[in-house]
Amino acid sequence: MTEILPPGEARLQAKAAPEGEIAAATRTLVLGPYLNRAAQRPVPGQTGTVRSDEARLDEAVGLAAAIDLDVARAIAVHLQRPRPSTYLGKGRVEEVAGLIKAEEIGLVVMDCALSPVQQRNLEKAWGAKVIDRTGLILEIFGRRASTREGTLQVEHAHLAYQKSRLVRSWTHLERQRGGFGFLGGPGETQIEADRRMIQERMTRIERDLDAVTRTRGLHRKSRARVPYPIVALVGYTNAGKSTLFNALTKAEVRAQDMLFATLDPTARATKLPHGETVILSDTVGFISDLPTSLIAAFRATLEDVIEADILLHVRDVSHGDTQAQAEDVEGVLRELGIEPDAERIIEVWNKADLLDDGERTRLLNLSAAHRGAGPATILVSALTGEGLPALAERIEGQVARARSTFAVTLPPEDGAALNWLYENAEVLDRQSDTGGAIALTIRIAPEKEPRFLNRFEAAQRIGGTVTAPTA
């Protein structure tokens, strides 16, 4: 059993309680039961990049920090294979039990997925509450969700998780009898009643979520009537998505050096360098081993990602496990039906300000080599603003690919037609001849192209790419 002192431990001890509340953090042991490298199986669809145990344990400590737990110890345990009853071997369980008693631990966070039986057996052996990675993430989501939709989705996922972990500890509350005759067995037990109540609550939440989803669909239809391209930010949690969102939109979305600092999606309209308006959408961050129930619960929230015209895959390139994190994000995108090599994806290599000169030069050269092969890549720093103008131009170029360009000539007196073009299309160039006729080069969205052609029958389609003016 190897103890790893996480870099964030000092930060955990120094975290202050919210204003007006008394700090009552539970003394916590974070336990990372990781399989030996030889026992790990490659994940389908990934290149086999393996995250280091130190990084995985530090991430688990960061998750505990997100709900103000007092992490007393953080330990990595190496396993050949999980045990069906307790996940850990008998000797490890006894060793951890002694540590829990000596350190007066009240909560053990297991950085893995435990079955209900394993969780119950460990709690009996250790005399402390045990939660696994799924339970910890659900707890964070429950605290972070602020919108009605987010709250309902988290509660539904939490109830589904809780339903499978009801144990037979209420037999003294069994109802008198059920069935017919003198030998009828016990009626509905308390555990069955609890399951029924949970299922009824889940059914009510599903009905409420259907109503919220319909409302979201109406909002999406209203946006379609004035169609702006949607640019969605996706990425590993704490990759800097919210900081980038604030830098591009001048918004004030909460951005903090913490896992899952923001949960509910936010959308803002912003203008690109040449006047094109896009809707930028900040979404919840992804994480390795994200519970399937949460992916399903937040599918409605992630519809903006599915339908987005452009995806900005934000990566923290200063992190030692940036490649493994990228593969985790790509895995979630595949579950949403999005191929990671799609043309609409732009990889944003963030936190360039934390790189040394050698690594910065290497990534710049790598980004240049990627042009024309796979997703576009841009090295930026959302904190300092480095690379953001180039990113905005790249987004504008991606938007332009899906739009047709036309040459239109208008008589000087047709102000209504000129006004229509400025309101519904992107005017790239405007020239007037000596007679007052106005020659325009415009770019228009596919949704508005039929109306445009119906109104301007003499318009001529321009082949190739038209560069927007610099002024």
Quick one: does [X]'s side chain get under 4.5 Å of [Y]'s, heavy atoms only?
| X | Y | value |
| --- | --- | --- |
| Leu159 | Ile205 | yes |
| Tyr34 | Val77 | no |
| Ile67 | Leu136 | yes |
| Leu428 | Ile442 | no |
| Thr377 | Leu366 | no |
| Ile230 | Val278 | no |
| Val348 | His313 | no |
| Val380 | Trp349 | no |

What is the minimum heavy-atom distance between [X] and [Y], and which atoms define it?
| X | Y | value |
| --- | --- | --- |
| Val71 | Ala64 | CG2-CB, 3.9 Å |
| Leu421 | Val427 | O-CG2, 4.4 Å |
| Val399 | Pro229 | CG1-CG, 3.7 Å |
| Cys112 | Pro33 | SG-CG, 3.6 Å |
| Val130 | Gln119 | O-NE2, 2.8 Å |
| Gln118 | Ala113 | OE1-O, 4.3 Å |

Can you tell me if [X] and [Y] form a side-chain donor-acceptor pair at under 3.5 Å?
| X | Y | result |
| --- | --- | --- |
| Tyr236 | Glu327 | no |
| Asn121 | Ser85 | no |
| His319 | Asn238 | no |

I need the [X] [atom1] to [Y] [atom2] distance, nearest 0.5 Å.
| X | Y | atom1 | atom2 | answer |
| --- | --- | --- | --- | --- |
| Leu312 | Leu248 | CG | CG | 7.5 Å |
| Gln323 | Asp328 | CD | CG | 10.5 Å |
| Thr86 | Arg92 | OG1 | CZ | 12.0 Å |
| Ser318 | Leu355 | OG | CG | 6.0 Å |
| Thr243 | Asn350 | OG1 | CG | 7.5 Å |
| Glu396 | Leu391 | CD | CG | 11.5 Å |

Quick one: does any side-chain atom of [X] pair with a main-chain N or O of [Y] as donor and acceptor, under 3.5 Å?
| X | Y | answer |
| --- | --- | --- |
| Thr28 | Val108 | no |
| Thr322 | Asp316 | yes |
| Arg443 | Ala425 | no |
| Trp126 | Val93 | yes |
| Asn36 | His78 | no |
| Asp111 | Leu31 | no |

Qualifying residues under salt bridge (charged side-chain N to carboxylate O under 4.0 Å, His left out), relative to [X], sequence neighbours excluded:
| X | value |
| --- | --- |
| Asp321 | none |
| Glu155 | Arg201 |
| Arg430 | none |
| Arg315 | Glu347 |

Practice item. Go through the steps to decide whether Ile395 and Ile310 satisfy the test side chain to side chain contact (heavy atoms under 4.5 Å, CB included), and finish with yes or no. Key: CA-CA 8 Å; Ile395 294 172; Ile310 297 173; 4.0 Å; yes
Check your understanding: Charged N to carboxylate O below 4.0 Å: is that the case for Glu59 and Arg56?
Key ->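 Salt bridge flag = no for Arg56 with Glu59.
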Point to revise | Salt-bridge contact Glu386-Lys351 (side-chain N to carboxylate O under 4.0 Å) | key: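 Between Lys351 and Glu386 there is no salt bridge, as every charged N stays at least 4.0 Å from the carboxylate O atoms.
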Those residues that, when tested against [X], pass side chain to side chain donor-acceptor pair (under 3.5 Å) (two or more places apart):
| X | value |
| --- | --- |
| Lys90 | none |
| Thr384 | Ser381 |
| Glu103 | Arg27, Arg73 |
| Gln398 | Arg401 |

Which residues share a side chain to side chain contact (heavy atoms under 4.5 Å, CB included) with [X], sequence neighbours left out:
| X | value |
| --- | --- |
| Thr361 | Asn365 |
| Lys129 | Leu107, Glu123, Ile131 |
| Asn424 | Trp420, Lys448, Arg451 |
| Glu449 | Ser404, Phe406, Ile444, Leu453, Arg461 |

Review point. When you look at Leu29 and Val96, which way does the side chain to side chain contact (heavy atoms under 4.5 Å, CB included) test go after all the steps?
Key: CA-CA 10 Å; Leu29 168 65; Val96 173; 3.9 Å; yes
Exercise for review: In sequence, state the C-alpha distance, the side-chain angles, and the governing distance for Leu244 and Leu233, and then conclude on side chain to side chain contact (heavy atoms under 4.5 Å, CB included).
Suggested key: CA-CA 9 Å; Leu244 180 62; Leu233 279 71; 4.0 Å; yes
Point to revise | Step-by-step side chain to side chain contact (heavy atoms under 4.5 Å, CB included) determination, Thr277 to Thr270 | key: CA-CA 6 Å; Thr277 299; Thr270 187; over 6 Å; no
Point to revise | More than 12 heavy atoms of other groups within 6.0 Å of Asp357 CG | key: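 Incorrect, the count does not exceed 12.
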